[in-house]
Amino acid sequence: MDTAERTNLVTRFTEEVVTESEIESLFEEGTPSAYIGYAPTGEMHIGHFTTMRKLADFLEAGIEVTVLVADLHAHLDDEKSPFELLDARSTYYRTAIEAMIEAAGANPDGIEFVRGTEYQLEAPYTLDLYRMLAETTLSRAQRAGSEVVRQSENPKLGGLVYTLMQSLDVAALDADIAYGGIDQRGIYMLSREILPGHGYQKPACVFAPLLSGLSGGKMSASEDESKVNLTDDDETIAEKIQGAYCPAGEVADNGVLEYLRYLVFPVLSQDNRSFLVERPEKYGGNLEYEAYEPLEEAFVSGELHPADLKPAAAAAIAEVVDPVRERLLDEPELLADAYPETHG
RNA sequence: CCGCCCUUAGCUCAGACUGGUAGAGCAGCCGACUGUAGAUCGGCUUGUCCCCCGUUCAAAUCGGGGAGGGCGGACCA
């Protein structure tokens, strides 16, 4: 595979790449490394799944991928996860992540897993962090983390330390590429700004789009109806998709189309399978799509109606999520230990 | 260490001074209208009033204690 092909794999279906020429250079120089971090807070959902799906592209492009389970971060961000639950949630996250990567058609064995507390509790990490704390203003750190860290009336110091820690994680994990949702942009731009001053390389960045919620607007992890959970069964998924905001002909804020574009079609294409829409004869009969683009065109033109698309989308999404749910429910203690209040 | 303020529905809050076991907006749910959903109408639900003790026929409301959160002071003057 040449540099152009590899670069294309890395940059396809992304929101932003900083910068494409830096990615190309990395491929020219050798085997690049990339990392993505997840703070083990609430239960994982389909939004995580789409960023995870993209890791298959990274692996195929020959990149060394590290997944950070950022347990300390989960507590530093307004104590989203109680300190006592960090072990259980880290275990659950790792299992869920492996299941998603496998469901996306990639091999999780090719990925290195690291837990934050494995390296964040001692020098040189701590010393670098203290020095960065000394030279970063409150407002700079606040601005960098504003899209990631929970904003509240009485913000804790932890949120600001969180931001600087994540800026440093890229270097600590020796990653050439920082990958994450576009909400992470502020933090990695801070990385690019301050890491060179500490003897580290500034990372290239790849940002994934954030999915729209099913109820319109941004997806909210706390609103159960606005997203598909990894533990939702086929029927629940069908109900959620059925209730989703999905105006005919409109692509903007359309969560159903986004799920198809970023999750369903990439997974189907691995096996050269197509997407079937069953439609009553009175509306023209069944439709079949080999790629997302023609489906979107049909939707925009009005040829494909939301009422026909929704059941087909629900079935396809359920098929992708099924193995992940099976895996998680196969070890019920994973969820019970991580979320004793809802699964205990 | 001292002082002041806050805690009521999932969320934001009203009600407290002048005790009579609680309300609004938003959210949510259900119908109508759309070949989906949304929007728009119509209807509905929701509560250990932070906890304990006391006064009283009666406490979200008054008194005492406690918990959690916030703000300020105390040194420099």
Side-chain angles (χ1 to χ4, degrees), chain A residues 41-43 45-47 50 75-85 138 142 146-147 149-162 210-229 232-265 275-289 292 294-321 339-344:
Chain A
T41 54
E43 284 185 55
H45 48 73
I46 198 160
T50 56
H75 187 63
L76 281 171
D77 186 4
D78 205 31
E79 302 180 274
K80 279 179 180 171
S81 286
F83 197 74
E84 312 76 54
L85 255 36
L138 291 177
Q142 202 285 328
S146 62
E147 293 295 318
V149 172
R150 177 179 286 166
Q151 304 293 299
S152 74
E153 198 180 345
N154 303 299
K156 308 289 197 298
L157 286 177
L160 299 173
V161 175
Y162 175 119
L210 297 187
L211 297 186
S212 296
L214 292 178
S215 50
K218 288 182 181 174
M219 186 177 85
S220 168
S222 56
E223 282 179 48
D224 212 46
E225 292 305 308
S226 81
K227 65 183 198 302
V228 168
N229 294 316
D232 287 342
D233 58 26
D234 293 11
E235 190 183 340
T236 305
I237 292 174
E239 283 171 7
K240 287 183 177 179
I241 297 301
Q242 171 57 34
Y245 172 77
C246 186
E250 277 187 36
V251 176
D253 293 326
N254 195 322
V256 178
L257 289 181
E258 292 176 19
Y259 282 21
L260 291 171
R261 180 177 193 181
Y262 295 110
L263 186 64
V264 171
F265 274 103
F275 177 71
L276 178 69
V277 176
E278 293 186 28
R279 185 169 66 174
E281 285 303 328
K282 62 178 285 200
Y283 294 121
N286 293 355
L287 294 166
E288 196 166 353
Y289 299 95
Y292 171 76
L295 180 146
E296 183 181 299
E297 280 175 34
F299 187 80
V300 170
S301 74
E303 184 194 346
L304 176 57
H305 191 276
D308 296 319
L309 174 64
K310 279 182 168 182
I317 293 162
E319 192 181 321
V320 175
V321 171
Y339 306 97
E341 293 192 354
T342 49
H343 292 276

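Just so it is clear, the model here is predicted, and its values are computed rather than measured. Lettering of chains follows the sequences in order, A, B, ..., and the numbering in each one begins at 1.
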Between C1' of B/rU34 and CD of A/Q242, the distance in whole Å: 13 Å
Output the rounded distance in Å from OH (A/Y245) to P (B/rA37). 14 Å
Could you give the distance separating B/rG28 and B/rG38 at their P atoms, to the nearest angstrom? 9 Å
What integer number of Å spans the P atoms of B/rU45 and B/rG25? 13 Å
Could you work out the separation of B/rG64 and B/rU21 based on their P atoms and round it to a whole Å? 25 Å
Pairwise P distance, B/rU56 and B/rG47 [rounded to whole Å]: 32 Å
Rounded to the nearest 0.5 Å, what's the gap from CD1 on A/I46 to CG on A/D232? Could you check? 9.0 Å
Evaluate whether atom CG of A/L276 has more than 12 neighbouring non-hydrogen atoms of other residues, nucleotides or ligands under 6.0 angstrom away. yes
What's the OH-P distance between A/Y283 and B/rU34, to the nearest Å? 12 Å
B/rG23 versus B/rC44 - spacing of their P atoms, nearest Å: 14 Å
How far does CD of A/Q142 sit from CD of A/Q151, to the nearest 0.5 angstrom? 5.0 Å
Rounded to whole Å, the CG-P distance (A/D308 to B/rA37) equals 13 Å
Pairing check on B/rC75: which nucleotide meets the Watson-Crick or G-U wobble criteria with it, both distances under 3.5 Å? none
According to the Watson-Crick and G-U wobble definitions, with both distances under 3.5 Å, which nucleotide is paired to B/rU7? B/rA67
Could you please name the partner base of B/rG38, counting Watson-Crick and G-U wobble pairs only when both distances are under 3.5 Å? none
How long is the straight-line distance from OH of A/Y339 back to OG of A/S81, given to the nearest 0.5 Å? 6.0 Å
Could you grab the distance from atom NE2 of A/H305 to atom NZ of A/K310, nearest 0.5 Å is fine? 9.5 Å
B/rG54 and B/rU12: how far apart are their C1' atoms, nearest whole angstrom? 34 Å
Under a 3.5 Å limit on both distances, the Watson-Crick or wobble mate of B/rG23 is B/rC13
Separation of atom CD in A/E303 from atom P in B/rU36, rounded to whole Å: 19 Å
Between A/A307 and A/N154, which is nearer to the 5' end of RNA chain B once each is assigned its nearest nucleotide? A/A307
G-U wobble or Watson-Crick pairing nucleotide for B/rA60 (cut-off 3.5 Å, both distances): none
If B/rG47 has a Watson-Crick or G-U wobble mate with both distances under 3.5 Å, name it; if not, just say none. none
Nearest-Å distance for atom pair CD/C1', residues A/E153 and B/rC13: 13 Å
Mind checking the P distance from B/rG66 to B/rC1? Whole angstroms is fine. 13 Å
What do you reckon, is CD of A/E239 surrounded by more than 12 foreign heavy atoms closer than 6.0 Å? yes
A/D253 CG to B/rA37 P, straight-line distance once rounded to whole Å: 18 Å
B/rG73 and B/rC26, which share atom name P, separated by this distance in whole Å: 41 Å
Please give, in whole Å, the distance from B/rG38 C1' to A/L214 CG? 13 Å
